[in-house]
There are 2 protein chains.
Amino acid sequence: MASRSRTNPLALAVLALLWERPMHPYEMSMTLRERRKDESVRLNFGSLYSVVDSLVKHGLIEAASTEREGNRPTRTVYRITDAGATEAIDWLTDLVRTPAKEFPQFEAALSFLPLLGPDDVVRLLRLRQTSLERQVAGLESGLVDARAMGLPAIFSLESEYEVTIVRAELGFVTALATSIADGSFEGVDLWRDLHRRASTHGRLDPDELAEALAPYLSPPQ
Amino acid sequence: MASRSRTNPLALAVLALLWERPMHPYEMSMTLRERRKDESVRLNFGSLYSVVDSLVKHGLIEAASTEREGNRPTRTVYRITDAGATEAIDWLTDLVRTPAKEFPQFEAALSFLPLLGPDDVVRLLRLRQTSLERQVAGLESGLVDARAMGLPAIFSLESEYEVTIVRAELGFVTALATSIADGSFEGVDLWRDLHRRASTHGRLDPDELAEALAPYLSPPQ
DNA sequence: CGAGATATATTCTGAATCGAGCATTCGAAC
DNA sequence: GTTCGAATGCTCGATTCAGAATATATCTCG
């Protein structure tokens, strides 16, 4: 059995669901939505069906039956195999034990931030700040609701985590915006200069950028 | 010109590099590595060449020349177009202004954590904690080095961000591990029960899991 | 001076992804 | 009674990705 690449966490979600009981793919997707797991695992129909096929091919799940109701398309109900149960535990163990390298979009944006001018950046960061505040509020109220309905904390850990991370980002964004705005951010004058000259002829000049960058091009070690 | 989907930030990296000066793809990849941008943008050769092709197809960059040195494969040098420059700024603006929905692997893992028993989880979280501590230390020393070499803060913002986030995760993981270990985590007894019975017959029983879950299956709103 | 490691530079291929589309059924409102 | 929209359930194809494969040049070290 060629070992599967553990790229798409949706496959883990499928294994976790089938652990509970056999289901057909559409039911999986609806269950994930009901339980709000589609907030923590990227879910879309196309991927779901190919992930299921791949799991079947690798013997981690198997068709339990195919049924049809009326004239609807035939549904295939799948169940987890022993190999699948083992794989789920192994994969989950690995995910908890070992931090994976992630590439958040905002980190990429920060990498290329000098392309924008400091004043624009402050404006944009303030807007981001507002979004993040709303996001925190939403997550918190979701958590309060869940507690109010008696859902044990173990079933909404992912939201606790998310709110922790979003709060941290919010702190970062706020501090950054403030320090650029009040001029305490180191090198902001140099950065502003570059863009002030740029704005006279439309946009940041490649040569000026290159010149400004030149001293820093060698790797920092 | 059909509008490109802004999925792969590597495309933004290409635009940012070509903003400075024309380059061929291999040079782009080497430059990204030198500047440690490969830590914030997923970089691999296969993707780079297809991203470049796609940018050409959409008129955001164009071939400036093709040259060959000795008997090496011909290199195609690309430059940015006006449309590309505009796109870079627009895209970057958008990334800074609007938080993107991300799906970190750890969040997925937390979603399915009940599959593991509380004692296993504590053990794994302690291991993760150690990794994260090492990661924080590495990032911090990198930042110290960069400052020591006179690199302005604007060029290593992405590391500042990363260390902020990793520290937040570390706090979360530490607190979670501790609260499960000392029993203060809400519902840990129920969770432990489920797995104690499970361990007598090898693994978590589907029916017992389903039964335990039953009261919580309806959506929390 | 020859062998192997490393750097240069791209291409290929199979797999994964994702959004859109298709086809049916059911319920509610008009 | 019929139309319209939501729900059910899956398929398809275009794009994108990752990583291996390819091919040559240059460096290094005994």
Side-chain angles (χ1 to χ4, degrees), chain A residues 2-14 17 22-34 38 41-58 60 63 65-78 100-103 105 108 219, chain B residues 1-14 17 22-34 38 41-58 60 63-78 100-103 105 108 219:
Chain A
S3 78
R4 259 180 53 82
S5 76
R6 289 170 175 172
T7 48
N8 194 345
L10 183 55
L12 179 58
V14 169
L17 286 173
M23 289 188 197
H24 54 93
Y26 187 75
E27 190 184 359
M28 295 174 205
S29 74
M30 289 303 118
T31 308
L32 287 173
R33 291 186 136 199
E34 261 174 25
D38 59 333
V41 175
R42 196 186 304 270
L43 168 63
N44 62 51
F45 292 88
S47 305
L48 179 59
Y49 286 89
S50 51
V51 154
V52 164
D53 285 350
S54 153
L55 288 172
V56 169
K57 203 173 62 188
H58 291 88
L60 302 179
S65 67
T66 62
E67 39 186 67
R68 96 177 309 158
E69 252 172 55
N71 231 349
R72 300 264 186 76
T74 339
R75 311 181 295 195
T76 305
V77 176
Y78 296 91
K101 174 76 190 133
E102 315 263 1
F103 295 86
Q105 309 243 55
Chain B
M1 195 70 56
S3 78
R4 259 181 54 80
S5 75
R6 288 171 177 171
T7 48
N8 193 344
L10 183 55
L12 179 58
V14 168
L17 286 173
M23 289 188 198
H24 53 95
Y26 186 75
E27 189 183 0
M28 295 175 203
S29 73
M30 289 303 117
T31 307
L32 288 173
R33 293 186 137 197
E34 260 173 27
D38 59 333
V41 175
R42 196 186 302 272
L43 168 65
N44 62 52
F45 293 89
S47 305
L48 179 59
Y49 285 89
S50 47
V51 154
V52 164
D53 284 350
S54 154
L55 288 172
V56 169
K57 202 172 65 189
H58 291 87
L60 303 178
S65 68
T66 62
E67 38 187 68
R68 96 176 309 158
E69 252 173 55
N71 233 349
R72 300 261 186 75
T74 341
R75 314 180 293 196
T76 305
V77 175
Y78 296 90
K101 176 75 191 134
E102 316 262 1
F103 295 85
Q105 309 244 59

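A, B, ... follow the sequence lines: proteins, then strands. Residue 1 opens every chain.
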Between P on D:dG9 and CZ on A:Arg75, what's the gap in Å once rounded to a whole number?
5 Å
Candidate nucleotides C:dC18, D:dC10, D:dA18, ranked by approach to the side chain of B:Asn44 - the nearest
D:dA18
Distance, rounded to the nearest Å, where B:Met23 contributes CE and C:dA9 contributes P:
13 Å
Take the protein atom CG of B:Asn8 and the nucleotide atom P of D:dA18, then report the distance between them rounded to whole Å.
7 Å
For atom CZ of A:Arg33 and atom P of D:dT8, their distance in whole Å
10 Å
Looking only at D:dC10, C:dC18, D:dA18, the nucleotide nearest the A:Ser47 side chain is C:dC18
Out of C:dC18, C:dT10, D:dC10, which has the shortest distance to the side chain of B:Pro25?
C:dT10
Run the salt bridge (Lys or Arg N to Asp or Glu O under 4.0 Å) test against A:Arg42 and tell me which residues pass, sequence neighbours left out.
none
Would you tell me if any nitrogen or oxygen in the side chain of B:Tyr26 comes within less than 4.0 Å of OP1 or OP2 on C:dT10?
no
What integer distance in Å separates A:Leu43:CG from C:dC18:C1'?
12 Å
Distance in angstrom units between A:Asp53 CG and C:dT17 P, rounded
13 Å
Could you grab the distance from atom OH of B:Tyr78 to atom CG of B:Leu60, nearest 0.5 Å is fine?
13.5 Å
With A:Thr31, which residues qualify under side chain to side chain contact (heavy atoms under 4.5 Å, CB included), at least two apart?
A:Leu17, A:Arg21, A:Met23, A:Glu27, A:Arg35
B:Glu102 side chain vs A:Gln105 backbone, donor-acceptor pair below 3.5 Å:
yes
Rounded to the nearest angstrom, tell me the gap between atom CG in B:Leu48 and atom P in C:dT11.
12 Å
Minimum-distance nucleotide (side-chain atoms of A:Thr7 versus C:dA9, D:dG9, C:dT17):
C:dT17
If you find the nucleotide of DNA chain D closest to B:Ser54 and the one closest to A:Glu27, which residue's nucleotide is nearer the 5' end?
A:Glu27
Drop me the distance from A:Lys57's NZ to A:Ser50's OG, to the nearest 0.5 angstrom.
10.5 Å
Single hit among B:Leu48, B:Asn8, B:Val41 for side-chain contact (heavy atoms from CB on, under 4.5 Å) with B:Val14:
B:Leu48
Measure CG/A:Leu12 against P/C:dA16 and give the value in whole Å, please.
16 Å
Rounded distance [0.5 Å steps], CG in B:Asp38 versus CG in B:Asn44
11.0 Å
Polar atom pairs (N or O), protein with nucleotides 11-15 of chain D, under 3.5 Å:
none

